[in-house]
Each structure stands twice: as structure tokens, then as C-alpha cells.
Amino acid sequence: MSAIQQANAMKAVRVRSDQMIAKGCDGFVSLDVLRFDVGLSTRALRRIYDAAVSEGKLQRKSDTRADGISRSHAYRTVLAGA
């Protein structure tokens, strides 16, 4: 994966997360939305974003429904004071 693709992926999550926070949401953006913004598969995006979570640049939210089935992961930029 090229450095440009990784930079575009990080920019996409930053922009979408900021937009969600401005609307009063928690700022988490689903991979299903981000894959269309970036043009990469969810698997490739998870590798990029999980690495950023390990580095402390992003936060990940993993939803699990009441029946135990996992939904898509969601990511957001690290909030100040969080």
C-alpha cells in the first residue's frame, strides 16, 4: 500500500470524524462509509486504522449487537482530554 493511500485514508477519517463531531455526534465513522471515501477495501483500511490506534492517533469502537453479531468497526480521531 502506498504512502499516498495511507495519507488519504487518515485524511478521510479525520474529515468525517470532525464533521460528525460538529453535528453533535460522538465522531465515530464506520468503515463502510470510509471505504467509499478512500476507495480501498475494509480489510486494507482496518490495517491502516488499527496501526493508527496502536500509535495513539485514532480510537476504535467495536459495536456488538444484543444477539452477539459484530457490526463494522468505527474509528475517530483522538479527542483532547479523552
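Since this is a predicted model, take the numbers as computed values, not measurements. These numbers come from the heavy atoms of this one structure, side chains and all, not from hydrogens, waters or symmetry mates.
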Practice problem: Sort and list the pairs that fulfil ring-ring contact (aromatic ring centres under 6.0 Å, His included) and have at least one residue in residues 6-36, not counting sequence neighbours. | Solution: none

Quiz item: S17 side chain to G27 main-chain N or O, any donor-acceptor pair under 3.5 Å?
Solution: yes

Practice problem: Side-chain contact test, heavy atoms from C-beta onward, threshold under 4.5 Å: evaluate it for M10 versus Y49 and give yes or no. | Solution: yes

Exercise. Using the salt bridge (charged side-chain N to carboxylate O under 4.0 Å, His left out) rule, collect all pairs that involve residues 9-19, keeping only residues at least two apart or in two chains.
Key: R16-D37

Self-check item: Where I48 and A9 come nearest, the two heavy atoms and their spacing
Solution: CD1-CB, 3.9 Å

Quiz prompt | For S2, side chain to side chain contact (heavy atoms under 4.5 Å, CB included) partners two or more places apart | solution = I4, Q5

Practice problem: Provide the closest heavy-atom pair for L58 versus V13 in the form atom of the first, atom of the second, distance. | Solution: CD2-CG1, 3.8 Å

Practice problem: For residues K61 and D26, determine if any side-chain heavy atom of one lies less than 4.5 Å from a side-chain heavy atom of the other. | Solution: yes

Self-check item: Any pair counted as salt bridge (charged side-chain N to carboxylate O under 4.0 Å, His left out), so long as it reaches residues 39-52, sequence neighbours left out
Solution: R46-D50, D50-R60

Practice problem: Applying side-chain contact (heavy atoms from CB on, under 4.5 Å) between R35 and each of V38, V33, D32, report the one that passes. | Solution: D32

Quiz item: Looking at T42 and L31, what are the two nearest heavy atoms and their distance?
Solution: O-CD1, 4.0 Å

Quiz item: Going by the ring-ring contact (aromatic ring centres under 6.0 Å, His included) test, which pairs reach into residues 1-21, not counting sequence neighbours?
Solution: none

Quiz item: Does the pair V29 and M20 meet the rule for a side-chain contact (heavy atoms from CB on, under 4.5 Å), with working shown?
Solution: CA-CA 8 Å; V29 185; M20 296 289 287; 4.1 Å; yes

